[in-house]
Amino acid sequence: MITDKKVIDELNRIAKENGGLLFPEKVVEAAAAETSPLHSYFDWEDSEAAAKWRLHQARCLIKVTVRYIDGGERAIPMRAFVSLTTDRYDGGGYRPMTTVLATRSLREQLLADALAEMESFRKKYESLVELAEVFDAM
């Protein structure tokens, strides 16, 4: 979480200059100046940035990979791989969802992760009274 007032002020300035919308391209453009409070949040060495970008692309690919499982009358789509918080402490990685669901300890971790994500969702949107029933159901 970034709470630096200079960063927040700079992002607000950029948004104001663009009709109230904050565009990533404009943020990068402003951050290019070494004097910008945003500069240190970016990788400016191209080969390092390219390597990190490819890792990001790999994560995106893994996250959207779906397999279909037998659901009786129809096949049910399910994420093929999942990242458990306990794995993230040891450098990360993704496990096959079928393995996680079939292994008691991993399934329990997945459930704990899901509950934590639900709580995070609730905190993010708790000011929307229209979601009160959703939060109660959660």
Side-chain angles (χ1 to χ4, degrees):
M1 185 177 331
I2 297 173
T3 58
D4 184 326
K5 184 174 176 357
K6 289 180 182 180
V7 170
I8 295 167
D9 288 347
E10 179 67 354
L11 293 173
N12 280 321
R13 182 193 67 74
I14 296 166
K16 186 176 181 180
E17 286 181 359
N18 292 279
L21 290 173
L22 194 55
F23 296 102
E25 307 84 30
K26 297 294 184 179
V27 173
V28 171
E29 191 177 294
E34 291 184 21
T35 57
S36 170
L38 307 175
H39 187 80
S40 65
Y41 291 94
F42 294 87
D43 291 315
W44 298 103
E45 201 280 303
D46 287 345
S47 61
E48 182 180 335
K52 287 182 179 181
W53 174 247
R54 284 188 285 278
L55 289 175
H56 170 75
Q57 288 178 306
R59 288 182 189 100
C60 290
L61 173 67
I62 292 166
K63 289 178 184 179
V64 299
T65 302
V66 172
R67 63 178 296 185
Y68 288 87
I69 58 170
D70 183 18
E73 294 185 23
R74 66 181 179 92
I76 300 171
M78 176 180 72
R79 288 185 61 181
F81 302 94
V82 64
S83 171
L84 301 175
T85 55
T86 50
D87 291 329
R88 292 180 214 145
Y89 299 131
D90 295 326
Y94 297 80
R95 295 177 185 264
M97 180 67 88
T98 53
T99 301
V100 171
L101 294 176
T103 307
R104 183 174 181 228
S105 62
L106 298 177
R107 187 182 184 99
E108 288 173 356
Q109 183 59 57
L110 180 62
L111 179 59
D113 290 351
L115 292 171
E117 286 180 32
M118 288 171 61
E119 179 60 18
S120 177
F121 176 85
R122 186 191 63 74
K123 286 180 180 177
K124 182 176 181 179
Y125 296 107
E126 66 188 349
S127 62
L128 296 173
V129 295
E130 296 86 349
L131 293 177
E133 288 182 32
V134 173
F135 299 144
D136 289 342
M138 289 170 46

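Quick caveat, the model's predicted, so the values are computed rather than measured.
Counting heavy-atom neighbours within 6.0 Å of Tyr125 OH, excluding the residue itself, gives a total of 12 or less. Counting non-hydrogen atoms of other residues, nucleotides and ligands closer than 6.0 Å to CD of Gln57 gives a total above 12. Within a 6.0 Å sphere centred on CZ of Arg88, heavy atoms belonging to other residues, nucleotides or ligands number more than 12. Annotation for Glu45: atom CD counts as buried by contact number, over 12 foreign heavy atoms lying within 6.0 Å.
Summarising the geometry, atom CG belonging to Asp4 is positioned 8.5 Å from atom OG belonging to Ser40; distances are rounded to the nearest 0.5 Å. With rounding to the nearest 0.5 angstrom, the CZ atom of Phe135 is 12.0 Å from the NZ atom of Lys123. Note that the OG1 atom of Thr103 and the CZ atom of Arg95 stand 8.0 Å from one another [nearest 0.5 Å]. In this structure, Leu38 CG and Glu29 CD are separated by 12.0 Å, a value rounded to the nearest 0.5 Å. The OG1 atom of Thr98 sits 9.5 Å away from the CD1 atom of Ile69 when rounded to the nearest 0.5 Å. Considering CD1 of Ile8 and CZ of Arg13, their distance stands at 15.0 Å, rounded to 0.5 Å.
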Would you please test Asp87 and Gln109 for side chain to side chain contact (heavy atoms under 4.5 Å, CB included) and show each step?
-> CA-CA 10 Å; Asp87 291 329; Gln109 183 59 57; over 6 Å; no
What's the verdict on side chain to side chain contact (heavy atoms under 4.5 Å, CB included) for Leu106 and Val82, showing C-alpha distance, side-chain angles and the deciding distance?
-> CA-CA 11 Å; Leu106 298 177; Val82 64; over 6 Å; no
Take His39 and Trp44 through the side chain to side chain contact (heavy atoms under 4.5 Å, CB included) test and state the conclusion after the steps.
-> CA-CA 9 Å; His39 187 80; Trp44 298 103; 3.2 Å; yes
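The shortest heavy-atom contact between Asp113 and Ser83 is OD2-O, 4.2 Å. In terms of heavy atoms, Leu101 sits closest to Arg107 at O-NH1, 3.1 Å.
Cluster membership check: Tyr41 shares its hydrophobic cluster with Val27, using side-chain heavy-atom separations under 4.5 Å among Ile, Leu, Val, Met, Phe, Trp and Tyr. When the side chains of ILVMFWY residues are joined at heavy-atom separations under 4.5 Å, either directly or via intervening members, Leu111 and Leu84 end up in two distinct hydrophobic clusters. Residues Tyr94 and Met78 fall into different hydrophobic clusters, defined by Ile, Leu, Val, Met, Phe, Trp and Tyr side chains chained together at heavy-atom separations under 4.5 Å. Clustering ILVMFWY residues whenever any of their side-chain heavy atoms sit less than 4.5 angstrom apart, transitively, puts Trp53 in a cluster other than the one holding Val28. Residue Val64 is not grouped with residue Met97 when hydrophobic side chains (ILVMFWY) are merged at heavy-atom distances under 4.5 angstrom, including chains of intermediate members.
Note on Lys6 versus Glu10: no salt bridge recorded, every NZ/NE/NH1/NH2 to OD/OE distance being 4.0 Å or above.
For Tyr68, there are no ring-ring contact (aromatic ring centres under 6.0 Å, His included) partners, not counting sequence neighbours.
Considering Glu119, Glu117, Met118 in turn, Met118 is the only one that fulfils the side chain to side chain contact (heavy atoms under 4.5 Å, CB included) rule with Leu115.
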